[in-house]
A.B. asks: 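One structure is given below, represented as structure tokens, and several questions about it will come after.
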Amino acid sequence: MAEVDHLAAERATARFDVEEMKVAWAGSRHAVHVADRMARLVASDPVFRKDNRTMLSRKELFKDTLRKAAHAWKRIVELRLTEEEADLLRQYVDQPGYVDLHWGMFVPAIKGQGTEEQQHKWLPLAYKFQIIGCYAQTELGHGSNVQGLETTATFDPKTDEFVIHSPTLTSSKWWPGGLGKASTHAVVYARLITEGKDYGIHGFIVQLRSLEDHSPLPGVTLGDIGGKFGSGAYNSMDNGVLRFDHVRIPRDQMLMRLSQVTREGKYVHSNVPKQLLYGTMVYVRQSIVADASKALSRAVCIAVRYSAVRKQFGSQDGGPETQVLNYKTQQSRLFPLLASAYAFRFVGDWLNWLYTDVTQKLEAKDFSTLQEAHACTAGLKAVTTSVTADAIEECRKLCGGHGYLNSSGLPELFAVYVPACTYEGDNVVLLLQVARILMKTVSQLASGKQPVGTMAYMGKVQYLMQCKSAVSSAEDWLNPDAIQEAFEARALRMAVNCAQNISQAASQEEGFYERSPDLLEAAVAHIQLIIVTKFIEKVHQEIPGHGVKEQLQALCNVYALYILHKHLGDFLATGCITPRQGALANEQLGKLYAQVRPNAVALVDAFNYTDHYLGSVLGRYDGDVYPALYEEAWKDPLNETVVPEGYHEYLRPLIKQQQLKLSRL
Ligand SMILES: CCCCCCCC/C=C\CCC/C=C/C(=O)SCCNC(=O)CCNC(=O)[C@H](O)C(C)(C)COP(=O)(O)OP(=O)(O)OC[C@H]1O[C@@H](n2cnc3c(N)ncnc32)[C@H](O)[C@@H]1OP(=O)(O)O
Ligand SMILES: Cc1cc2nc3c(=O)[nH]c(=O)nc-3n(C[C@H](O)[C@H](O)[C@H](O)COP(=O)(O)OP(=O)(O)OC[C@H]3O[C@@H](n4cnc5c(N)ncnc54)[C@H](O)[C@@H]3O)c2cc1C
């Protein structure tokens, strides 16, 4: 705890129990405790220092990542950490690296798509880091279109092997994290060809590097694809390129849980949906939603604390300057982001529950909820990552000029985060998947088929197509039923409008193509409805702690009314509310901001982040920003010498030349 607390006055105005809010945020008292312990463990270990990261060269940064990963593993083993503890420790180390893909995609791919025998063989090796794996799906020529991948895996019955080959330049694997320099193995996605027939994309475990000296195996060409956006940031990751020249692997290295190739080369597909091949992506998409709230809450924590410290302009009578957090414009830009962090946290928890539920059903061969899992993970991944990326940039602007300094932590956070809009499915491509499912659901309404899960509201089509909001005062917008109905009506009407427009096209496919910009908006409306609904449901639960429920209620209303205000055009165009009701929502939003204001600093304290994890001089817990900023500047390598390198070569001759010219005048 800091000696001087410049934010003490802010903390004193909080009208709720911060310790209990920490529990609501983390999910349980146990979760707060474990996260706290792991965060402190990392913060107190000099190997995990990260304040110099943006000053390292790419090579130094990569080596630093290897060092941290090895040290983290050593600590995990020494301290016999549980899986939960180890995941948190890695989170707080906060440096993207091959380990993320090893645990986050390679292991899940084998678990999800490998037979029991294959899991028995490969997982123990991966669990002990005797092999390091990555997920090699995307190619130079194809990423979004998985069915368009070109790498081939041709079965050779003579030797009982698959021959993995990259037939073209565009078939080179391109992007897989951990592939460039670290991985020894990969789950490679390739077209399965047997008995002369192409059976489409399947997963294969392929060894890439020697386990003795790490050199590439014969027929394997691989390396790093080069520097990426931002200093430090995602450059700690060795995203790689990989080509195969007729590389042979045993038949049993095809992941055979979903389909098999027999010794004779017969292709056998188990009686399961083909889309289960995409299971690893579904798993990672749901974890990306949980991560969105982490990244967003970090940015918001920095911006809120700094806005409480920063003062600009005096009062009319020459009194003290005003905290920028008191400006209504600052509040109207920042508090919706604070509310979004909480909203994403709770929808992330719900999505995790849904994912677990669907997985259990799949184990029991019940595939009925697969579409729901796909729509929710794809749509929530798209909306939460897009909002978070934009929000981090907004937080940078909210911190004025100092937000642009690396020491604010915001440039690096943005650079690390922004590819989340692209990886695990480009957000537009994913939203179009949601739109397809929405259109399918609308088309089935006429036949009387009742939609289920998050689409269930569409079953109220008769009512929602004609209902009118009853809101007649600003306070009426505090009624969750009023919010819920307006959001349901907007989402349904947008979807039905799209469906009607598509039905007038020459074909469904052409209509979908022509109307895709509208479809995107309909998909966003549907996903925003899910987020609002899950927040409302959360607030309806019993939430212990003085004032905690009230604060969450206020944030829920901020989130919903902010979205309504931002997308007012949708609500008006679909006739769900009147312009007057829109104005009342905005009036209520202003009142809610005033309610949030005295609690703002405490609401970000509830995220319980250490200064190490935040990595920001502006977001320090103690608010002692200026000495830290001043001190940090002197650490820059440019300040190692008073006179810069290059002075004698370039500055002095220039100055002298000008002096000479002047002396001649
Ligand atoms: C503690 C753990 C932490 C873990 C987190 C660590 C991770 C580290 C974090 C970040 C590191 C970054 C790692 C990045 C990795 C990657 O990027 S891997 C590569 C990801 N690639 C993609 O996401 C590609 C996107 N493309 C696709 O998913 C598909 O191509 C497609 C766009 C969905 C289209 O597929 P396809 O052409 O086959 O299908 P369609 O004709 O459109 O649809 C056919 C039917 O299938 C249904 N469908 C599609 N996808 C799914 C799915 N995933 N699940 C279920 N069902 C699916 C679709 O709705 C159609 O259904 P219908 O026939 O009934 O209409
Ligand atoms: C940092 C990072 C890490 C990654 N890690 C991995 C990894 O570990 N393993 C792996 O296999 N891959 C990885 N990837 C690759 C990633 O999954 C792909 O980049 C991603 O799926 C997007 O595919 P793409 O690059 O082909 O984009 P494209 O599909 O080429 O997108 C280009 C543009 O076209 C638009 N577009 C494409 N299709 C459509 C359509 N049908 N309708 C409308 N618009 C469309 C997109 O919206 C986008 O604007 C990573 C990528 C990044 C950036």
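If you're wondering where the values come from, they're calculated on a predicted model, not measured in any experiment. In listed order, ligands and their atoms are each counted from 1. These values consider heavy atoms only, across backbone and side chains, with no hydrogens, waters or symmetry-generated copies.
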A.B. asks: What do you think, any protein heavy atom under 4.0 angstrom from atom 41 (N) of ligand 2?
C.D. replies: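 Under 4.0 Å from atom 41 (N) of ligand 2, zero protein heavy atoms found.
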
A.B. asks: Has ligand 1 got any nitrogen or oxygen that is less than 3.5 angstrom from a nitrogen or oxygen of Q433?
C.D. replies: yes

A.B. asks: Is M105 touching ligand 1 with its side chain, its backbone, both, or neither, if touching means heavy atoms under 4.0 Å apart?
C.D. replies: side chain

A.B. asks: Right, does atom 33 (C) of ligand 2 have protein non-hydrogen atoms nearer than 4.0 Å?
C.D. replies: no

A.B. asks: Run the numbers for me: atoms of ligand 2, each under 4.0 Å from some heavy atom of D426, listed by number.
C.D. replies: 46 (C), 47 (O), 48 (C)

A.B. asks: Check if S144 has a non-hydrogen atom at a distance under 4.0 Å from any atom of ligand 1.
C.D. replies: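 Right, S144 reaches ligand 1.
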
A.B. asks: When the ring centroid of Y342 is compared with that of W25, is the distance short of 6.0 Å?
C.D. replies: yes

A.B. asks: Nearest heavy-atom pair of V247 and G219: which atoms, and what distance?
C.D. replies: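 Here V247 and G219 meet closest at CG2-O, 3.4 Å.
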
A.B. asks: Fit a plane to each ring of F204 and F162, take the angle between them on a 0 to 90° scale, and name the class: parallel (under 30°), tilted (30 to 60°) or perpendicular (over 60°).
C.D. replies: perpendicular

A.B. asks: Would you say that D94 contacts V42 through its side chain, given a criterion of any heavy-atom pair below 4.5 Å between the two side chains?
C.D. replies: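 No, their side chains stay 4.5 Å or more apart.
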
A.B. asks: May I ask you to identify the nearest protein heavy atom to atom 15 (C) of ligand 1, giving residue, atom name and distance to one decimal place in Å?
C.D. replies: E424 OE2, 3.1 Å

A.B. asks: Can you list the ligand 2 atoms lying under 4.0 Å from a non-hydrogen atom of Y135?
C.D. replies: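 Answer for ligand 2: 7 (C), 8 (O), 9 (N), 10 (C), 11 (O).
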
A.B. asks: Would you confirm whether the ring centroid of H526 sits within less than 6.0 angstrom of the ring centroid of Y457?
C.D. replies: yes

A.B. asks: Protein heavy atoms: any of them under 4.0 Å from atom 12 (N) of ligand 2?
C.D. replies: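 Within 4.0 Å of atom 12 (N) of ligand 2, protein heavy atoms are found.
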
A.B. asks: Does some non-hydrogen atom of the protein lie less than 4.0 angstrom from atom 48 (C) of ligand 2?
C.D. replies: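 Given the 4.0 Å limit, the answer for atom 48 (C) of ligand 2 is yes, a protein heavy atom qualifies.
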
A.B. asks: With atom 2 (C) of ligand 2 as the reference point, say which of W174, F512, Y423 has the nearest heavy atom.
C.D. replies: Y423

A.B. asks: Short list, please: which atoms of ligand 2 are under 4.0 Å from a heavy atom of L101?
C.D. replies: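 The list of qualifying atoms is 8 (O).
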
A.B. asks: At less than 4.0 angstrom from any non-hydrogen atom of Q137, what atoms of ligand 2 do you find?
C.D. replies: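 Those of ligand 2 that fall under 4.0 Å from Q137 are 11 (O).
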
A.B. asks: May I ask whether Y283 has any heavy atom positioned less than 4.0 angstrom from an atom of ligand 1?
C.D. replies: yes

A.B. asks: Could you tell me the residue and atom name of the protein heavy atom closest to atom 28 (O) of ligand 1, and the distance to it rounded to 0.1 Å?
C.D. replies: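 Here the nearest protein heavy atom works out to R285 NH2, 3.2 Å.
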
A.B. asks: Pick whichever of Y98, W175, Y189 has a heavy atom sitting closest to atom 6 (C) of ligand 2.
C.D. replies: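 Heavy atom nearest to atom 6 (C) of ligand 2 belongs to W175.
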
A.B. asks: My understanding is that we take every heavy atom of each candidate and find the minimum distance to atom 8 (C) of ligand 1. Doing that for L149, L88, V434, D100, which one comes out nearest?
C.D. replies: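 Comparing heavy atoms across L149, L88, V434, D100, the nearest one to atom 8 (C) of ligand 1 lies in D100.
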
A.B. asks: Is there a donor-acceptor contact under 3.5 Å linking the side chains of D36 and N608?
C.D. replies: yes

A.B. asks: Specify the protein heavy atom at minimum distance from atom 28 (P) of ligand 2: its residue, its atom name, and the distance to 0.1 Å.
C.D. replies: S144 OG, 3.7 Å

A.B. asks: Is there a polar contact, in the sense of an N or O pair closer than 3.5 Å, between T138 and ligand 2?
C.D. replies: yes

A.B. asks: On the 0 to 90° scale, with breaks at 30° and 60°, tag the W73-F129 ring pair as parallel, tilted or perpendicular.
C.D. replies: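 It falls in the perpendicular class, over 60°.
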
A.B. asks: Which residue and atom name correspond to the protein heavy atom nearest atom 47 (C) of ligand 1, and how close is it?
C.D. replies: Q275 CG, 3.6 Å

A.B. asks: Examine G425 against ligand 1 and note whether any of their N/O atoms are separated by less than 3.5 Å.
C.D. replies: yes

A.B. asks: Could you see which bit of N239 sits under 4.0 Å from ligand 2, with heavy atoms only: side chain, backbone, both or neither?
C.D. replies: side chain

A.B. asks: What I want to know is whether D87 and ligand 1 share at least one N or O pair that is separated by under 3.5 angstrom.
C.D. replies: no

A.B. asks: Nearest protein heavy atom to atom 59 (O) of ligand 1, by residue and atom, and its distance?
C.D. replies: H374 CD2, 3.5 Å

A.B. asks: Counting only heavy atoms on the protein side, is anything nearer than 4.0 Å to atom 39 (O) of ligand 1?
C.D. replies: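 No.
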
A.B. asks: Between E412 and T54, do the side chains contain a donor N or O and an acceptor N or O under 3.5 Å apart?
C.D. replies: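 There is no such pair between these side chains.
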
A.B. asks: Of the listed options (V429, T280, L179, D100), which comes nearest to atom 45 (C) of ligand 2 when hydrogens are ignored and any heavy atom counts?
C.D. replies: V429

A.B. asks: Check L276 against L362 and note the closest heavy-atom contact, atom names and distance.
C.D. replies: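 Closest approach of L276 to L362, heavy atoms only: CD2-CD1, 3.8 Å.
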
A.B. asks: Go through the steps to decide whether E78 and R75 satisfy the test salt bridge (Lys or Arg N to Asp or Glu O under 4.0 Å), and finish with yes or no.
C.D. replies: CA-CA 5 Å; E78 277 169 1; R75 298 302 283 147; 2.5 Å; yes

A.B. asks: Can you report which non-hydrogen protein atom sits closest to atom 11 (C) of ligand 1, along with the distance?
C.D. replies: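 For atom 11 (C) of ligand 1, the nearest protein heavy atom is Y234 OH, 3.4 Å.
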
A.B. asks: Any heavy atom of P419 closer to ligand 1 than 4.0 angstrom?
C.D. replies: no

A.B. asks: Among all protein heavy atoms, pick the one closest to atom 4 (C) of ligand 1 and tell me residue, atom and distance.
C.D. replies: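 Going atom by atom, the protein heavy atom closest to atom 4 (C) of ligand 1 ends up being S287 OG, 3.5 Å.
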
A.B. asks: I'd like to know whether CD of E83 has more than 12 heavy-atom contacts from other residues, nucleotides or ligands below 6.0 angstrom.
C.D. replies: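 12 or below, so no.
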
A.B. asks: Would you confirm whether the ring centroid of Y234 sits within less than 6.0 angstrom of the ring centroid of F229?
C.D. replies: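 No; Y234 has its ring centre 6.0 Å or more from that of F229.
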
A.B. asks: When you look for heavy atoms under 4.0 Å from ligand 2, do you find them on the side chain of L432, its backbone, both, or neither?
C.D. replies: side chain

A.B. asks: Using a 4.0 Å cut-off to any heavy atom of G177, which atoms of ligand 2 qualify?
C.D. replies: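 Heavy-atom distances to G177 below 4.0 Å select 7 (C), 8 (O).
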
A.B. asks: Evaluating non-hydrogen atoms only, which member of G425, G143, C134, P419 is closest to atom 26 (O) of ligand 2?
C.D. replies: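 It is G143 that holds the nearest heavy atom.
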
A.B. asks: With a cut-off of 4.0 Å, which atoms of ligand 2 are near a heavy atom of Y234?
C.D. replies: 1 (C)

A.B. asks: Verify whether the ring centers belonging to Y189 and H142 lie closer than 6.0 Å.
C.D. replies: no

A.B. asks: Determine whether the aromatic ring centres of Y609 and Y92 lie less than 6.0 Å apart.
C.D. replies: no

A.B. asks: Using a plain distance cutoff, I'd like to know if N145 has any nitrogen or oxygen under 3.5 Å from a nitrogen or oxygen of ligand 1.
C.D. replies: no

A.B. asks: Students should be able to answer this: which protein heavy-atom is nearest to atom 62 (P) of ligand 1, and at what distance?
C.D. replies: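 For atom 62 (P) of ligand 1, the nearest protein heavy atom comes out as K440 NZ, 3.7 Å.
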
A.B. asks: Among all protein heavy atoms in this structure, tell me which lies nearest to atom 44 (N) of ligand 2, with the distance rounded to 0.1 Å.
C.D. replies: V428 CG1, 4.1 Å

A.B. asks: Which residue holds the protein heavy atom closest to atom 7 (C) of ligand 1, what is that atom called, and what is the gap in Å?
C.D. replies: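 Of the protein heavy atoms, V284 CG1, 3.9 Å lies nearest.
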
A.B. asks: Which residue and non-hydrogen atom of the protein lie closest to atom 19 (O) of ligand 2, and at what distance in Å?
C.D. replies: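 Scanning the protein heavy atoms, the shortest distance from atom 19 (O) of ligand 2 goes to T422 CG2, 3.9 Å.
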
A.B. asks: Can you pull out the closest protein heavy atom to atom 7 (C) of ligand 2? Residue, atom name and distance to 0.1 Å, please.
C.D. replies: P176 CA, 3.3 Å

A.B. asks: Right, does atom 26 (N) of ligand 1 have protein non-hydrogen atoms nearer than 4.0 Å?
C.D. replies: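 Neighbour list for atom 26 (N) of ligand 1 includes protein heavy atoms (cut-off 4.0 Å).
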
A.B. asks: Does L430 have a non-hydrogen atom less than 4.0 Å from ligand 1?
C.D. replies: no

A.B. asks: Under 3.5 Å, is there a donor-acceptor pair between the side chain of Q444 and the main chain of K449?
C.D. replies: no

A.B. asks: Tell me whether Y278 has any N or O atom under 3.5 angstrom from an N or O of ligand 1.
C.D. replies: yes

A.B. asks: Which of the atoms in ligand 2, numbered in the order shown and given with their element, are less than 4.0 Å from a heavy-atom of E424?
C.D. replies: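 Result: 17 (O).
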
A.B. asks: Below 3.5 angstrom, do we get any N/O pair linking Y423 and ligand 1?
C.D. replies: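 Looking only at distances, the answer is no, because the N/O contact criterion of under 3.5 Å is not met.
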
A.B. asks: More than 12 non-hydrogen atoms from neighbouring residues, nucleotides or ligands closer than 6.0 Å to CZ on R67, yes or no?
C.D. replies: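 Check fails, neighbour count at 12 or below.
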
A.B. asks: Could you check whether H612 and F48 have their ring centres less than 6.0 Å apart?
C.D. replies: no

A.B. asks: Below 4.0 Å from any atom of ligand 1, is there a heavy atom belonging to R436?
C.D. replies: no

A.B. asks: Is the distance between the ring centroids of Y199 and Y267 under 6.0 Å?
C.D. replies: yes

